[in-house]
Amino acid sequence: MKELMLGNTAVARGLYEAGCAVISSYPGTPSTEITEEAAKYPELYCEWAPNEKVALEVAHGAAVGGRRAACCMKHVGLNVAADPLFTISYQGVEAGLVLCVADDPGMFSSQNEQDSRHYAIAAKVPMLEPSDSQEALEFTKRAFQLSEEYRTPVIVRLCTRISHSQSIVTWGKRREVPKRPYVKDPERVMMTGNSLKAHYRVEERTRAMTAFSETTDLNRVEMGDTALGIITSSTSYQYVKEVFGNRASVLKLGLSWPMPVEKIKDFAAQVDKLLVIEELEPIIENHCRQIGVEVTGKEKIPMVDELTQGVIAQSLGEAAKPTVRLEDEIPGRPPVMCAGCPHRGVFYTLSKNQCMVYGDIGCYTLGVMPPLNALDLNICMGASCSGLHGFNLAGGAEHEKHSVAVIGDSTFAHSGITGIADIAYNRSNSTVFILDNSITGMTGHQQNPTTGKTLRGEPAGRMDLEMLCRAVGFDRVRVVDPNDLKVLDKTLKEELAAEEPSIIISRRPCVMLKSVKKAPPLTVDLERCNGCGLCMKIGCPALSLREGKAEIDRTQCVGCQVCMQMCHRDALLP
């Protein structure tokens with residue numbers, strides 16, 4: 001059968017056809033749809049784990065238990081999963097274990113632009129890089145074969161353009177893989193003696209896989225004009241073909257680690273000039289130089305931002321193919337929280353009180369945008385809680401009375417719990433806002449341990465945030481409605497003034513949830529409105545000023561009534 005598929009959908013199909021049994025993941029753009037699509041197959045057990053470390057440990061446990069398993073994450077999630085990954089590489093696997101990792105060149109929805117190929121090298125595990133949706137399916141299936149043949153976890157590395165682009169896929173049937181029996185082996189306990197032996201095995205495995213890389217069809221040569229040879233991989237391969245066609249010979253690396261040696265040398269010997277085109281880091285380029293092959297790479301190809309055929313053509317002095325453009329210029333659309341977003345009142349209140357706000361990763365990162373201008377910094381999932389603790393240790397009462405951390409419910413379950421435990425245990429006078437909007441919002445409404453539902457929407461255990469915060473040592477735990485600005489302001493002032501750590505849970509579901517009933521849009525009494533602009537301070541996209549008066553976009557307004565609380569003339573009416 002043939003079908004037009006997203007790369008992520010094709011990976012999910014590959015997991016299904018390969019006989020994968022267990023998938024544990026944490027949502028993160030651009031990887032989220034892999035697990036969501038996989039969950040549509042009833043033969044697969046799929047779950048959202050609290051974080052990527054847990055997801056990999058679950059998948060590894062399933063593989064130890066004899067079933068093919070996978071976990072999916074974005075590139076920064078691999079940082080979280082790195083701890084178990086390195087030791088699983090030493091320990092080896094029996095049933096296949098595959099990590100699907102999606103990098104985000106261009107940082108369309110990420111806080112950094114790291115290159116996951118570094119992890120494959122450092123953890124000494126093979127990595128496959130598909131260049132279209134068909135390869136996404138096939139490489140996923142091949143990953144399980146390699147995993148079991150070489151007893152290693154295997155990474156399938158995607159990028160935003162592979163994950164979220166569509167191409168024709170020919171798909172097949174599921175292969176049911178028998179469960180492998182569990183055999184007790186004391187050498188799998190990674191203590192000093194066993195770990196040293198395991199390291200020797202890993203180096204031997206790397207040598208074997210390097211030999212495999214010389215002959216596998218995952219790495220292929222496409223001969224064209226021999227005046228120029230190009231080594232490339234992933235989505236860069238597509239751009240190379242668009243720019244050069246048959247005007248260059250191409251060595252496409254589908255197995256991007258470990259890389260071949262002789263195959264590259266043989267290819268280099270057949271061309272007059274050799275160029276490496278790869279997104280982000282010079283991984284292939286450095287390998288070529290280490291084996292004595294002269295190449296041109298990052299001297300011409302940018303190391304920052306995603307590549308396109310236009311960028312490659314411009315970098316190399318080639319003529320770029322014309323692209324389709326609209327006659328009218330599309331106006332810029334800065335990112336903004338949705339109309340009725342429950343985070344808006346929190347950030348307005350924090351900004352009004354001139355708080356230093358240590359942010360986290362989620363939709364609430366948009367609190368940095370004007371007119372709220374509320375967020376001061378963010379680093380990674382869960383860092384707001386522990387970061388605020390350190391900030392307050394540095395500044396004492398001077399900082400404690402004017403600083404807060406903000407973290408979403410899903411991010412809190414991911415890695416915020418240990419941060420508040422540190423605050424409670426070491427007693428910095430820190431105030432943490434948990435922004436409980438009852439969903440994982442930024443990645444498209446996935447369930448999490450605080451929602452009481454599984455990935456498939458079935459009833460599940462639910463984390464009680466109030467009880468948990470008290471259990472780790474907080475005596476002051478308060479719940480507020482973020483749309484009640486007076487109560488919110490009063491609560492913030494009281495908790496900042498308190499002489500002990502405190503938690504404020506801002507609880508209101510995401511307005512975009514289908515289960516949330518919207519109120520009728522508000523109206524403006526034009527006779528009362530004097531155009532003062534106070535209502536504009538909350539930054540709601542449903543509000544604007546037109547001809548000196550407030551105007552409400554009825555297609556966006558959900559009747560949250562936060563703007564009504566800003567107006568001193570009662571000009572905004574339900």
Side-chain angles (χ1 to χ4, degrees), residues 107 109 111 331-379 383-385 387-388 391 399 401-412 431-437 439 441-442 480-493 495-496 504-512 522 531-545 550-553 556-568 572:
M107 295 177 283
S109 57
Q111 67 269 40
R333 183 179 179 272
V336 64
M337 287 183 283
C338 304
C341 176
H343 304 327
R344 181 168 280 106
V346 173
F347 284 118
Y348 168 75
T349 303
L350 293 172
S351 181
K352 186 180 75 170
N353 284 275
Q354 298 183 322
C355 292
M356 192 292 284
V357 181
Y358 205 127
D360 221 292
I361 307 301
C363 333
Y364 42 88
T365 305
L366 296 171
V368 70
M369 300 299 292
L372 297 172
N373 302 307
L375 219 64
D376 284 68
L377 73 163
N378 70 339
I379 299 176
S384 60
C385 303
L388 177 69
F391 181 79
H399 286 180
K401 300 304 181 184
H402 303 284
S403 63
V404 303
V406 294
I407 187 168
D409 52 332
S410 179
T411 308
F412 178 75
T431 300
V432 175
F433 264 93
I434 301 177
L435 307 180
D436 181 7
N437 66 351
I439 204 69
M442 188 168 62
V480 296
D481 179 352
N483 284 2
D484 190 334
L485 298 184
K486 287 185 178 179
V487 171
L488 189 60
D489 185 68
K490 180 174 180 289
T491 303
L492 172 65
K493 286 180 167 65
E495 296 312 313
L496 287 175
I504 303 173
I505 300 173
S506 164
R507 178 164 291 147
R508 180 173 278 265
C510 173
V511 72
M512 299 303 291
L522 304 185
C532 68
L534 282 175
C535 58
M536 302 299 295
K537 290 187 175 183
I538 59 172
C540 178
L543 277 168
S544 61
L545 287 175
E551 182 173 86
I552 292 176
D553 183 347
Q556 292 195 65
C557 179
V558 297
C560 71
Q561 301 188 7
V562 172
C563 60
M564 286 176 57
Q565 301 168 62
M566 304 292 295
C567 183
H568 296 168
L572 302 173

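Using a distance-only test at 3.5 Å, with no hydrogens or angles considered, no donor-acceptor pair links the side chain of Ser351 to the main chain of Phe347.
Partners of Gln565 according to the side-chain hydrogen bond (donor to acceptor under 3.5 Å, both in side chains) rule, which considers only residues two or more places apart in sequence or in another chain, do not exist here. Among residues two or more places apart in sequence or in another chain, the side-chain contact (heavy atoms from CB on, under 4.5 Å) test is passed with Pro334 by Met369. Judged as a side-chain contact (heavy atoms from CB on, under 4.5 Å), and not counting sequence neighbours, the contacts of Ser109 are Thr29, Lys74, Asp104. Residues passing the side-chain hydrogen bond (donor to acceptor under 3.5 Å, both in side chains) test with Arg507, sequence neighbours excluded: Asp436, Glu466. When the side-chain contact (heavy atoms from CB on, under 4.5 Å) test is applied to Asn378, the partners found at least two apart in sequence or on another chain are Ile361, Thr365.
Closest non-hydrogen pair, Ala339 versus Pro541, comes out as N-CG, 3.6 Å. Scanning all heavy atoms of the two residues, the minimum distance from Gln556 to Ala542 falls at CB-CB, 3.8 Å.
A 4.5 Å side-chain heavy-atom check between Leu375 and Val406 finds at least one atom pair inside the cut-off.
Sorted by first and then second residue, the salt bridge (Lys or Arg N to Asp or Glu O under 4.0 Å) pairs with a member in residues 349-372 read Lys352-Asp489; sequence neighbours excluded.
In the displayed structure, Lys537 atom NZ is contacted under 6.0 Å by at most 12 heavy atoms of other residues, nucleotides or ligands.
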Start with the C-alpha distance between Ser506 and Tyr364, add both sets of side-chain angles, then the distance that settles side-chain hydrogen bond (donor to acceptor under 3.5 Å, both in side chains), and finish with yes or no. CA-CA 12 Å; Ser506 164; Tyr364 42 88; over 6 Å; no
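Using cut-offs of 30° and 60° for the angle between ring planes, the His399 and Phe391 rings count as parallel.
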